[in-house]
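Contents: one structure, followed by commentary.
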Number of protein chains: 2
Amino acid sequence: MTQHNELDRIDLKILATLQDDGRITNQALSERVGLSPSPCLQRVRRLEKLGVIKGYSCHIDLERVAQTITVFVSVSLSSHEKGAFGAFEAAVADIPELVECHKVSGQFDYLLRFVCSDIGTYTAISDHLLATGPEGLNLSSHVVLQATKESKGVALERLVRQ
Amino acid sequence: MTQHNELDRIDLKILATLQDDGRITNQALSERVGLSPSPCLQRVRRLEKLGVIKGYSCHIDLERVAQTITVFVSVSLSSHEKGAFGAFEAAVADIPELVECHKVSGQFDYLLRFVCSDIGTYTAISDHLLATGPEGLNLSSHVVLQATKESKGVALERLVRQ
DNA sequence: CTTGAAAGTTACTACGG
DNA sequence: CCGTAGTAACTTTCAAG
């Protein structure tokens with residue numbers, strides 16, 4: 001089965017535009033990418049069906065909604081035997097305050113990001129994790145003091161060479 | 001001047017819904033939050049003007065667009081004298097591959113996230129950073145091997161108690 | 001790919017409770 | 001604050017070039 005997953009310049013421009021303004025109308029989008037509305041909409045639907053566009057969301061300024069803290073946690077497992085990684089991932093999977101979990105190379109094994117209502121909540125989470133997670137779990141917590149740069153997305157033009 | 005920044009249950013429901021589906025129509029949104037379309041739209045516009053909603057975007061499955069690597073970098077500055085933090089932030093500010101930069105507490109001072117087209121690009125960036133950044137810069141790189149959990153947003157209901 | 005047309009939705013505004 | 005209602009704009013699908 002032949003795959004038709006190739007993206008041309010226009011597709012990339014659509015993606016970059018929608019990444020910048022996810023609620024742009026199809027008409028405005030079509031003008032920006034130099035197409036008429038119908039083929040533009042066709043491309044957007046195709047990108048959605050292919051899974052290239054995974055979804056849409058609004059960006060919320062959390063500070064204006066509630067007091068929260070963001071905590072990055074580097075995790076190292078003393079045991080790298082079979083099951084240790086799975087046990088850890090299972091232990092964190094259903095924590096609603098966990099926003100991201102990445103397995104990484106380097107001095108530690110995982111990097112987590114939590115968003116909690118307060119330090120107490122985070123403390124309870126990390127305590128619970130140490131109690132229920134695999135043996136030899138080592139957590140190192142880093143509370144975010146200031147977000148110097150917050151991503152609105154990646155620079156697609158730099159990541160794809162045509 | 002009195003501020004009217006308070007958010008009620010309906011506002012939070014609007015935010016949670018738009019966080020989950022940023023392209024939902026106002027009509028569907030109004031049904032979900034139990035309002036008729038016009039007051040619902042009024043609230044959305046108010047949230048946008050207040051800056052609670054900072055914008056909208058689509059989520060792109062980068063793997064389907066181009067081969068990329070994500071690298072988390074923990075940074076420590078040997079000098080915490082005046083100017084050291086500013087010098088570092090200035091050095092990283094304009095790197096397009098830098099997606100996030102957080103000043104954090106704990107064993108290191110900053111946590112960065114880069115998305116690059118390949119390791120070579122990242123290496124060039126970190127080399128350049130070490131060359132142009134402040135003295136005593138210590139970088140520790142962590143290439144993301146697998147994203148175990150990727151955030152679609154925060155759990156607003158858990159962060160705000162009404 | 002484009003244009004253009006037609007039908008269905010939606011957004012937006014103004015007005016009234 | 002809410003809802004109703006009307007208009008303009010947009011989306012979506014179609015056919016034809």
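Values below: all heavy atoms of this structure, side chains included; hydrogens, waters and symmetry mates excluded. In what follows, chains carry the letters A, B, and so on, assigned in the order in which the sequence lines appear, proteins first and then strands, with residues in each chain numbered from 1.
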Check your understanding: How close or far is atom P of dG3(D) from atom CD of Gln42(B), stated in whole angstroms?
Key -> 11 Å

Review point. Along DNA chain C, 5' to 3', what are the outermost nucleotides having an atom less than 4.0 Å from a heavy atom of chain A?
Key: dC1(C) to dA11(C)

Practice item. For Ser141(B) and Tyr122(B), test the side chains for any donor-to-acceptor distance below 3.5 angstrom and give the result as yes or no. Key: yes

Point to revise | Partner residues of Arg23(A) under the side-chain contact (heavy atoms from CB on, under 4.5 Å) criterion, sequence neighbours left out | key: Asp21(A), Leu18(B), Tyr56(B)

Study note, to complete from the structure: A correct 5'-to-3' footprint of nucleotides 4-11 of chain D, with B, S and - meaning base, sugar-phosphate only and no protein heavy atom under 4.0 Å, is B-----SB

Exercise for review: List for me each residue that meets salt bridge (charged side-chain N to carboxylate O under 4.0 Å, His left out) alongside Glu100(B), sequence neighbours excluded, and say none if there are none.
Suggested key: Arg113(A), Arg113(B)

Practice item. State whether Arg43(B) places a side-chain N or O below 4.0 Å from either non-bridging phosphate oxygen (OP1 or OP2) of dC2(D). Key: yes

**Study point:** Distance in angstrom units between Glu31(B) CD and dG3(D) C1', rounded
**Key:** 15 Å

Only pairs under 3.5 Å count here: list side-chain donor-acceptor contacts from residues 127-135 of chain B, not counting sequence neighbours, and write none if there are none.
{"residue": "Thr132(B)", "atom": "OG1", "partner": "His128(B)", "partner atom": "O", "Å": "2.9"}

Point to revise | Contacts of Arg32(B) that satisfy side chain to side chain donor-acceptor pair (under 3.5 Å) - sequence neighbours left out | key: none

Check your understanding: Of the residues in residues 53-61 of chain A, which ones touch DNA chain C at a heavy-atom distance under 4.0 Å?
Key -> none

Check your understanding: Residues two or more places apart in sequence or in another chain: which of them pass side chain to side chain donor-acceptor pair (under 3.5 Å) with Asp61(B)?
Key -> Arg64(B)

Review point. Hydrophobic clusters join Ile, Leu, Val, Met, Phe, Trp and Tyr when side-chain heavy atoms are under 4.5 Å apart, directly or via other members; which others share one with Leu145(A)?
Key: none

Practice item. Output all residues satisfying side-chain contact (heavy atoms from CB on, under 4.5 Å) with Ser117(B), sequence neighbours left out; order by chain, then residue number. Key: Leu159(A), Thr121(B)

Practice item. Quick one: name the residues clustered hydrophobically with Leu41(B), using the 4.5 Å side-chain heavy-atom rule over I, L, V, M, F, W, Y, and just say none if it's on its own. Key: none

Check your understanding: Looking at residues at least two apart in the chain, or sitting in another chain, which of them share a side-chain contact (heavy atoms from CB on, under 4.5 Å) with Ala147(A)?
Key -> Glu150(A), His102(B)

